[in-house]
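In what follows, a structure is listed as structure tokens, so that the remarks can point back to it.
Atoms within a ligand are numbered from 1 in the order they appear, just like the ligands themselves. Quick caveat: nothing in here was measured; it's all calculated off a predicted structure.
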Amino acid sequence: MATKSKFQAIRGTRDLLPPETALWNHVEQTAHAVFGTFGFGEIRPPVFEPAELFARAVGGDTDIVSKEMYTFEDRPGGLPDPAEMKPSDYLSEIKRAMSSGQLPNDAAVIAQLEFQLENYNLRGDSERGQLIWLYFVRGLRLGESISLRPEATASVCRAYIEHGMQQLPQPVKLYYTGPMFRRERPQKGRYRQFYQIGAEVLGGSDAPAIDAEVIEMVMTFFDRVGLTGVELDINSIGHNAPHCRPAYVEKLRAALEQVKDKLGADSQRRVETNPLRVLDSKLEHEQPIIATLPHIADHLCAECAAHYAAVKRQLELRGVFFKENWRLVRGLDYYMRTTFEVTAKGLGSQNAVCGGGRYDGLVELLGGPPTKGIGFAIGEDRLILSLQESGKGAAPQGRDVYIAWMGERAYAAAIRAAKGLRNAGFSVELPPTELKFGKALERADKLGSRYALILGDNEVSEGSWTLKTLADGTQQEFTEPELLEFLKSVRVSGERS
Ligand code: HAM
């Protein structure tokens, strides 16, 4: 039963607990297995990176970067204390720290310090002037800006460049699992710390077969974990050349200008900043208006149109069912050509369990060589919710054997038995203190144990151990070696049935 304590998990974060964690493990094991069969290897990037990496990759104007990142200053120790020196000396110390590499070189910080120093000098060496100076200096961001990762595609591309992976046979196929952080408004299926299982294919060609195989892999995974009501939406958003997406965006903007006064405030703003995002709108009254807007598929350049047609053909070849959704534009800046999303049942408004797409050019944008790229990320929290809603939750984890022991000699035998059984892979509960047999059996029952091994000093001196099946109360006698053999045999027949 939940109790209110002084400390609670921060809003939008939560503890994952047994037995649910067994389902999480099962899902992750399935990802390792399925992705392995497609030739993917696991990468584990750090959970924090320079804020600039995400601003560059995901886009400074996106909601993720502009509103949702957890960013903090990584200030090194050993910096001078501004309260202990003259402001002009402090400025010299900061300049020294920047030139020695202790602090990142930041001309804006120096300009601000110089400006405040001028103000300080104008005020004269007064107590008030000193207070204002200290207030300003202490609020300055001197160290590097670090962000908890809101997604991992940027990290994987950074790692690809950093480790010279372009020298490896291409494409390089990587996958990851782990927590991501976005300061979103929490609701069912939307958390501030959430988990993704993602995969990226970097380098080599942009053959449509690669897009299709990545999508086939994610659908195979969903099938393997037993996700139901799955729907795959695909689209192509073209590429960033004047005769392709930008031309469409202008047509879209012009069409939106005609109906601007009928749109909500968010969409009105987006007509100016990013008309494609208007297509994401879920507002009821905007739907009939959006339905009349031009479709990107009719405005793709010849190469992008051919690529899209080939991706669809490749999906059909693989028996992957999809629905074309011309409004699927996705909220991250790095996408081009293929985009896709998978939705599942039982999730309400947050029903996207996977999003992905092609991002040729992202590695180059981050300072690497021109590189093709495509990938996806599955929202593991939502996947688990959907599995639970459809009755595929994890069963409470019982114990195979509960050892009810009484007496000192019996305890020594119980410890030995527990070791032997655990080594053979059985889950065993060994009570740390002696309990009357009645009480011990009650506990064994509460823990959902299958068997109770009853060990008193008599059983130990006679060498005949009693195993009670808790479901029907029957008892059998075994010698120590027979017991292990018997449990192994019922496990095997249990696995078969
Ligand atoms: P995304 O669409 O931002 O894409 O996220 C992918 C999935 O993560 C979503 O479909 C959703 O299931 C889950 N998700 C996102 N935010 C939350 C949240 N606050 N709470 C719970 N689940 C959430 C990306 O992150 C891209 N990096 C995917 C990608 C990889 N594209 C290419 N490669």
Side-chain angles (χ1 to χ4, degrees), residues 11-14 16 24 27 35 40 43 45 49 53-54 57-59 62-65 67-70 148-160 171-202 210-211 214-215 217-218 221-222 227 230-235 237 277 280 328-344 346-363 371-387:
R11 198 167 124 79
T13 74
R14 63 214 175 108
L16 305 173
W24 284 74
V27 160
F35 297 177
F40 282 68
I43 177 170
E49 301 260 10
L53 173 71
F54 301 112
V58 177
T62 59
D63 284 354
I64 295 177
V65 170
K67 300 185 198 156
E68 296 168 1
M69 282 214 297
Y70 286 95
L148 296 182
R149 62 182 183 192
E151 61 106 54
T153 308
S155 304
V156 174
C157 290
R158 194 256 318 128
Y160 178 86
V172 173
K173 303 195 226 176
L174 298 167
Y175 75 94
Y176 50 86
T177 66
M180 310 290 156
F181 306 86
R182 296 183 193 175
R183 202 174 185 291
E184 294 195 82
R185 198 167 44 77
Q187 65 180 88
K188 180 182 169 188
R190 188 158 76 192
Y191 310 99
R192 291 180 168 180
Q193 174 173 339
F194 61 99
Y195 295 79
Q196 283 187 343
I197 301 176
E200 317 289 349
V201 179
L202 289 161
I210 296 181
D211 305 47
V214 162
I215 296 174
M217 178 169 90
V218 77
F221 165 75
F222 283 142
L227 190 68
V230 186
E231 194 184 288
L232 164 67
D233 282 17
I234 64 163
N235 192 21
I237 56 167
R277 295 302 310 281
D280 265 350
L328 184 62
V329 291
R330 314 248 324 119
L332 298 85
D333 279 359
Y334 48 63
Y335 291 113
M336 51 96 66
R337 289 194 171 165
T338 311
T339 55
F340 57 97
E341 226 163 68
V342 182
T343 52
L347 293 170
S349 62
Q350 303 302 312
N351 65 347
V353 283
C354 171
R358 178 164 281 288
Y359 50 82
D360 301 353
L362 177 56
V363 167
T371 307
K372 310 290 182 196
I374 181 164
F376 63 81
I378 294 162
E380 194 176 356
D381 308 71
R382 294 184 190 176
L383 168 58
I384 299 277
L385 268 176
S386 183
L387 290 173

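Contacts between Tyr335 and ligand 1, counted as non-hydrogen atom pairs separated by less than 4.0 Å, involve the side chain only. Contact annotation: for Arg190 versus ligand 1, heavy atoms closer than 4.0 Å belong to both the backbone and the side chain. Contacts with ligand 1 closer than 4.0 Å are made by no heavy atom of Ala152, backbone or side chain. Only the side chain of Tyr334 comes within 4.0 Å of ligand 1, counting heavy atoms alone; its backbone N, CA, C and O stay farther away. In Val353, the part holding a heavy atom less than 4.0 Å from any atom of ligand 1 is the backbone. Here Arg192 has no heavy atoms under 4.0 Å from ligand 1, in either its backbone or its side chain. Contact annotation: for Arg330 versus ligand 1, heavy atoms closer than 4.0 Å belong to the side chain alone. Contacts between Met180 and ligand 1, counted as non-hydrogen atom pairs separated by less than 4.0 Å, are absent for every part of the residue.
Regarding atom 7 (C) of ligand 1, its nearest protein heavy-atom neighbour is Ala377 O, 3.6 Å. Of all protein heavy atoms, the one closest to atom 14 (N) of ligand 1 is Phe194 CE1, 3.5 Å. Taking atom 27 (N) of ligand 1 as the reference point, the nearest protein heavy-atom neighbour is Glu151 OE1, 2.6 Å. Scanning the protein for heavy atoms near atom 13 (C) of ligand 1, the closest one is Gly379 CA, 3.6 Å. Scanning all protein heavy atoms for the shortest distance to atom 8 (O) of ligand 1 gives Gln196 NE2, 3.2 Å. The nearest protein atom to atom 30 (C) of ligand 1, hydrogens excluded, is given as Thr153 OG1, 3.0 Å; this is a heavy-atom distance.
Looking only at side-chain heavy atoms (C-beta outward), Leu174 and Val201 stay at 4.5 Å or farther from each other. Annotation: side chain of Thr338 is not in contact with side chain of Ile237 (no heavy-atom distance under 4.5 Å). With contacts defined as side-chain heavy-atom distances shorter than 4.5 Å, the pair Gln196/Ile378 does not qualify.
Taking CG of Leu16 as the start and CD1 of Ile384 as the end, the distance is 8.5 Å to the nearest 0.5 Å. The CZ atom of Arg158 sits 8.5 Å away from the CZ atom of Phe54 when rounded to the nearest 0.5 Å. For the atom pair CE of Met180 and CG of Leu148, the computed distance is 11.5 Å after rounding to the nearest 0.5 Å. Note that the CZ atom of Arg382 and the SG atom of Cys354 stand 11.0 Å from one another [nearest 0.5 Å].
Side-chain N or O atoms of Asp381 include one that pairs as donor or acceptor with a backbone N or O of Tyr195 at under 3.5 Å. With hydrogens and angles disregarded, no donor-acceptor distance shorter than 3.5 Å links the side chain of Glu380 to the backbone of Leu383. Judged by distance alone, the side chain of Arg358 and the main-chain N or O of Thr339 form no donor-acceptor pair under 3.5 Å.
For ligand 1, the atoms closer than 4.0 angstrom to any heavy atom of Glu184 are 16 (N), 17 (C), 18 (C), 19 (N). Atoms of ligand 1 lying under 4.0 Å from any heavy atom of Gly189, numbered from 1 in the order shown and given with element: 20 (N), 21 (C), 22 (N). Taking every heavy atom of Gly356 and a limit of under 4.0 angstrom, the matching atoms of ligand 1 come to 31 (N). Numbered from 1 in the order shown, with element, the atoms of ligand 1 that lie under 4.0 Å from a heavy atom of Tyr359 read 32 (C), 33 (N). Below 4.0 Å from some heavy atom of Cys354 lie the following atoms of ligand 1, by number and element: 10 (O). Which parts of ligand 1 touch Glu200 is read off a 4.0 Å heavy-atom cut-off, strictly below it: atoms 30 (C), 32 (C), 33 (N). Residue-ligand proximity, Gly355 to ligand 1, at heavy-atom distances under 4.0 Å covers atoms 10 (O), 28 (C), 29 (C). Distances below 4.0 Å separate heavy atoms of Ala352 from the following atoms of ligand 1: 10 (O), 11 (C), 12 (O).
Not a single N or O atom of Pro150, backbone or side chain, sits closer than 3.5 Å to an N or O atom of ligand 1. Where the criterion is an N or O separation shorter than 3.5 Å, residue side chain and backbone included, Asp381 fails it with respect to ligand 1.
When all heavy atoms of Ser386 and Leu227 are compared, the closest pair comes out as OG-CD1, 3.4 Å.
Partners of Arg149 by salt bridge (Lys or Arg N to Asp or Glu O under 4.0 Å), not counting sequence neighbours: none found.
Atom 20 (N) of ligand 1 has its nearest heavy-atom neighbour, among Tyr176, Tyr191, Phe376, in Tyr191.
For the pair Arg192 and Glu184, the salt-bridge criterion is not met [side-chain N within less than 4.0 Å of a carboxylate O]. With salt bridges taken as basic N to acidic carboxylate O contacts below 4.0 Å, none links Asp280 and Arg330.
A ring-ring contact (aromatic ring centres under 6.0 Å, His included) with Phe221 is found for one member of Tyr175, Phe376, Phe35 and no other, namely Phe35.
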